[in-house]
Amino acid sequence: MTVNRDGPVLVEGPVEVVGDDGTTTRSDRFVVAICTCRRSRAYPWCDTSHRRRKPAGPSESRPDGRQPQEGEEEPDDDDPGSRPR
């Protein structure tokens, strides 16, 4: 089994998956990608729907990647004096 941080779980087949509702789904493939984001139209199998999700990362609005605190103003990129030191 291989777990990908931003993708499916890859499992050597054949694989049988039992869902929350008790339904059983089977695949005879050599390697099966099991969806972990629950966006797949072929759930429980991955259809790469996770690729459309925006990755969580640092804020692009500030050069230091920090989120502005309450009451703190956004820096003005055109004014060098407004940038944090």
Side-chain angles (χ1 to χ4, degrees):
M1 178 184 327
T2 304
V3 178
N4 297 311
R5 180 177 181 201
D6 296 321
V9 174
L10 301 177
V11 181
E12 291 183 24
V15 174
E16 190 171 277
V17 176
V18 179
D20 292 341
D21 61 356
T23 60
T24 302
T25 309
R26 181 174 172 78
S27 175
D28 293 321
R29 293 180 173 232
F30 293 109
V31 176
V32 177
I34 299 176
C35 176
T36 57
C37 72
R38 299 189 72 96
R39 295 178 182 206
S40 174
R41 291 183 180 159
Y43 191 80
W45 316 123
C46 177
D47 67 358
T48 69
S49 293
H50 61 276
R51 293 182 184 168
R52 291 187 287 277
R53 181 178 68 187
K54 292 183 180 180
S59 172
E60 294 179 19
S61 64
R62 296 187 57 142
D64 60 3
R66 294 186 312 121
Q67 294 290 332
Q69 299 299 315
E70 188 172 328
E72 184 180 16
E73 291 185 21
E74 287 286 327
D76 182 2
D77 290 337
D78 296 330
D79 180 8
S82 70
R83 292 191 183 131
R85 297 181 197 266

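Everything numeric in this text was worked out from a predicted model, so none of it was measured.
The side-chain hydrogen bond (donor to acceptor under 3.5 Å, both in side chains) test applied to R38 returns Y43, not counting sequence neighbours.
Remark: T48 OG1 to R41 CZ distance equals 10.5 Å, nearest 0.5 Å.
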Side-chain donor-acceptor distances from residues 22-37 under 3.5 Å, at least two apart:
from : atom 1 : to  : atom 2 : distance (Å)
T23  : OG1    : D21 : OD1    : 2.8
R26  : NE     : D28 : OD1    : 3.2
R26  : NH2    : D28 : OD1    : 3.2
S27  : OG     : R29 : N      : 3.4
T36  : OG1    : G7  : O      : 3.0

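When all heavy atoms are compared, the tightest approach of M1 to V11 is CG-CG2, 4.2 Å.
Checking C46, S40, P44, S49 one by one against P8, the side-chain contact (heavy atoms from CB on, under 4.5 Å) holds for a single residue, C46.
Listed by first then second residue, pairs satisfying salt bridge (Lys or Arg N to Asp or Glu O under 4.0 Å) with a partner in residues 7-20 number zero, not counting sequence neighbours.
Neither W45 nor L10 shares a network with the other; the hydrophobic side chains, linked directly or stepwise wherever heavy atoms of I, L, V, M, F, W or Y lie under 4.5 Å apart, form separate groups for each.
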